[in-house]
Amino acid sequence: MSPTPGGKWSPAKKRSWRGPTTIQFLEHDILCIIFSVLDLFDLVRCSAVCKSWNTIIKGSKLLQALYLKQQKDNYLGMKDNYVGISNIDSGSEKTLNMYFEELAMKHHRQSLVQASSVDIDQWKGHSLGVDQCRMKMGLLLTGVGDKVMRLWSLETYNCMEEYSIQDASPLIDFDFDESKIVGLVGTRICLWRRNGKMTTFPSREGTFMKGLCMRYFDPEAVVGCEDGTARVFDMYSRKCSKIIRMHPEPVTCLCLGDDQLILSGSSLGRIMVSGYSSDKWTATLRSTDSTGIKTLCFNPRSHLVFAGTTAGYTSCWDLRMMRQLWETRVSPNVIYSLQHLTNDKSALVAGGIDGVLRILDQDSGVVLSSYTVDHDTSSSSSRYAHGVIERRKGRKLPSDINIDQIPRSDRPSITCLAVGMKKVVTTHNSKYIRVWKFKK
């Protein structure tokens with residue numbers, strides 16, 4: 001009720017309900033005030049959320065101002081570290097972007113190595129064992145066991161898309177980009193357009209000896225075969241464009257480098273290097289450990305290639321000099337997966353049969369930190385569209401701990417892993433998918 005000019009009360013006008021206020025409704029000036037109280041790292045993250053926020057942050061010069069302040073603080077504290085201010089004053093966006101990338105990689109490494117807490121979200125993603133995962137653009141692709149690949153949002157853990165395999169042959173390997181899913185199914189390459197139907201390469205071009213692994217970098221997919229060859233398939237012509245003889249023994253793993261470089265590991269511990277234009281390997285990387293190579297990982301920024309073996313060794317080679325830099329045994333058993341964040345030249349994440357998640361230094365191979373699930377802490381759960389999310393805590397292990405004393409339930413074998421900013425996704429040949437979130 002509200003008073004009328006004569007002193008009487010009359011019913012008040014109803015206000016129209018617009019629903020809850022969200023940040024999208026805030027005006028430009030209010031967003032600028034909010035952004036101005038953030039530190040440099042959080043402001044960089046906000047600039048990557050959406051185009052409108054990026055425009056506001058860059059237009060207000062907040063990033064430049066914080067960068068200049070930090071550089072001047074470095075100069076006052078240690079003059080030798082004072083660099084870049086004249087470039088920023090003259091509007092060098094390249095220098096600013098390089099600085100932000102270095103800052104992001106520093107935060108990422110510190111979070112993995114010096115985590116004060118590790119939160120683990122896990123959910124039942126498949127009806128059978130999940131062997132592999134691939135992570136890109138905030139999306140996660142999982143599958144292998146139940147002949148279904150599922151694409152998940154890492155923000156909400158919702159299943160966005162599902163891709164069924166009609167063929168009776170098993171799904172061996174897969175990868176994806178923004179427009180398609182590429183899978184190695186039995187002896188065939190299959191394509192799924194995002195939100196579209198599956199297509200299979202013609203049998204006269206798409207069949208080969210048993211494939212053991214596959215890597216994809218548009219427009220080619222490379223298959224490592226049991227007969228020791230690597231076969232290159234063009235995604236658009238749907239033809240096998242090249243057969244490269246890499247090993248006398250089976251090709252067990254692959255990675256693709258820049259400039260159409262192919263690296264393959266074998267069951268006898270050899271790594272061969274070739275290019276798409278060749279029909280045989282062109283160089284050999286030899287290791288003192290002759291056990292089979294299970295995983296390869298290439299860093300295009302540093303031109304380093306990392307390998308994990310069936311005996312628990314990790315090794316590193318510099319491809320510019322074609323020589324080994326280090327080799328160390330980080331696990332008593334098989335290393336199944338090695339990965340690092342794109343553009344990161346410092347931290348390497350390793351996982352294998354003993355179920356311990358290890359963070360290695362890329363320059364030396366030294367184990368910087370190790371983690372398992374901590375079942376002594378209480379867990380919680382919450383429902384979401386696809387089921388239940390269980391939340392647990394990770395445990396940072398002392399460097400001198402005896403791994404055999406940790407129950408196997410706390411460390412199921414890590415069959416595959418993928419690395420994101422301050423997070424790692426793992427699969428364990430079980431129904432569950434885990435996301436490890438590191439907080440410093």
Side-chain angles (χ1 to χ4, degrees), residues 129-136 141-145 147 149 165 167 169-177 181-191 201 206-218 220-235 240-257 260-276 280-281 285 287 291-298 305-310 314-315 334-339 350-353 413-418 427 429:
V130 186
D131 283 327
Q132 298 190 46
C133 60
R134 303 285 183 267
M135 178 166 55
K136 296 176 184 176
L141 185 66
T142 60
V144 169
K147 291 195 174 184
M149 292 179 289
I165 300 157
D167 200 309
S169 300
L171 173 64
I172 298 169
D173 210 340
F174 56 80
D175 207 340
F176 76 105
D177 59 21
I181 312 294
V182 181
L184 173 59
V185 180
T187 60
R188 296 176 181 270
I189 295 291
C190 297
L191 290 179
F201 280 28
T207 56
F208 40 83
M209 292 293 292
K210 182 179 179 181
L212 302 178
C213 54
M214 185 204 73
R215 286 296 178 265
Y216 162 67
F217 187 78
D218 194 63
E220 285 97 11
V222 182
V223 176
C225 301
E226 195 173 46
D227 63 1
T229 63
R231 299 181 181 238
V232 182
F233 291 85
D234 183 86
M235 296 292 99
C240 179
S241 59
K242 181 70 66 174
I243 300 176
I244 306 170
R245 186 153 299 280
M246 304 291 283
H247 300 271
E249 62 274 11
V251 176
T252 53
C253 55
L254 290 166
C255 68
L256 306 181
Q260 294 191 321
L261 196 66
I262 302 174
L263 297 103
S264 65
S266 80
S267 57
L268 295 183
R270 288 182 285 200
I271 300 175
M272 301 299 189
V273 184
S274 184
Y276 285 37
K280 64 178 181 179
W281 56 268
L285 304 177
S287 171
T291 57
I293 306 293
K294 292 297 292 184
T295 180
L296 288 172
C297 177
F298 176 69
V305 60
F306 307 96
T309 74
T310 56
T314 56
S315 305
V334 184
I335 299 293
Y336 283 127
S337 189
L338 291 172
Q339 291 294 330
I353 199 171
S413 296
I414 299 173
T415 58
C416 190
L417 62 85
T427 59
N429 197 24

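For the pair Ser169 (side chain) and Gly186 (backbone), a donor-acceptor distance under 3.5 Å is absent. Between the side chain of Thr229 and the main chain of Arg231, no donor-acceptor pair closer than 3.5 Å is present. For His247 (side chain) and Ser264 (main-chain N/O), a donor-acceptor pair under 3.5 Å exists by modelled atom type.
Using a 4.5 Å cut-off on side-chain heavy atoms (C-beta onward), Tyr336 and Thr295 make no contact. Annotation: side chain of Val305 is in contact with side chain of Cys255 (closest heavy-atom distance under 4.5 Å). At least one side-chain heavy atom of Gln132 sits under 4.5 Å from a side-chain heavy atom of Asp173. Within the 4.5 Å cutoff, side-chain heavy atoms of Tyr216 are placed close to those of Met235. Side-chain contact check for Leu254 versus Arg215: some heavy-atom pair is nearer than 4.5 Å. The side-chain heavy atoms of Leu338 and Thr314, taken from C-beta on, include a pair separated by under 4.5 Å. Using a 4.5 Å cut-off on side-chain heavy atoms (C-beta onward), Leu212 and Val251 make no contact. Looking at Asp175 and Met214, their side chains come closer than 4.5 Å, going by heavy atoms from C-beta outward.
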Exercise for the section: List the steps and the verdict of side chain to side chain contact (heavy atoms under 4.5 Å, CB included) for Val144 and Val130. Expected result: CA-CA 6 Å; Val144 169; Val130 186; over 6 Å; no
Exercise for the section: Determine, step by step, whether Val223 and Phe233 satisfy the side chain to side chain contact (heavy atoms under 4.5 Å, CB included) criterion, reporting the C-alpha distance in whole Å, the side-chain angles of both residues, the deciding distance to 0.1 Å, and the verdict. Expected result: CA-CA 8 Å; Val223 176; Phe233 291 85; 4.1 Å; yes
Exercise for the section: List the steps and the verdict of side chain to side chain donor-acceptor pair (under 3.5 Å) for Ser267 and Glu249. Expected result: CA-CA 7 Å; Ser267 57; Glu249 62 274 11; 5.4 Å; no
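Here the straight-line distance linking atom CG of Asn429 with atom OG of Ser413 works out to 8.0 Å at 0.5 Å rounding. Atom SG in Cys297 sits 6.5 Å away from atom CZ in Phe306 (nearest 0.5 Å). The CG atom of Leu296 sits 3.5 Å away from the SG atom of Cys253 when rounded to the nearest 0.5 Å. Taking CZ of Phe176 as the reference point, atom CE of Met149 lies at 11.0 Å (rounded to 0.5 Å). For the atom pair CD1 (Ile181) and SG (Cys190), the distance works out to 12.5 Å, reported to the nearest 0.5 Å. Atoms OG1 and CG, on Thr252 and Leu268 in that order, are 9.0 Å from each other to the nearest 0.5 Å.
A salt bridge between Lys242 and Glu220 is absent, with no side-chain N of the basic residue lying under 4.0 Å from a carboxylate O of the acidic one. A salt bridge is absent between Asp227 and Lys210; no separation between the charged side-chain nitrogens and carboxylate oxygens falls under 4.0 Å.
Side-chain atoms of Thr427 and Thr415 form a donor-acceptor pair, as typed in the model, at a separation below 3.5 Å.
The heavy-atom pair separating Tyr276 from Ile262 by the smallest distance is CE1-CG1, 3.3 Å. Closest of all the heavy-atom pairs between Met272 and Met246 is CG-O, 3.1 Å. Closest heavy-atom contact between Ile271 and Ala307: CD1-CB, 3.8 Å. Looking at every heavy atom in both residues, Cys133 comes nearest to Thr142 through CB-CG2, 4.0 Å.
For Arg134 and Phe174, the positive end sits near the middle of the six-membered ring, less than 6.0 Å away and at most 45° from its axis.
With a 6.0 Å radius and a threshold of 12 heavy atoms from other residues, nucleotides or ligands, Lys280 has its NZ atom at or below the threshold.
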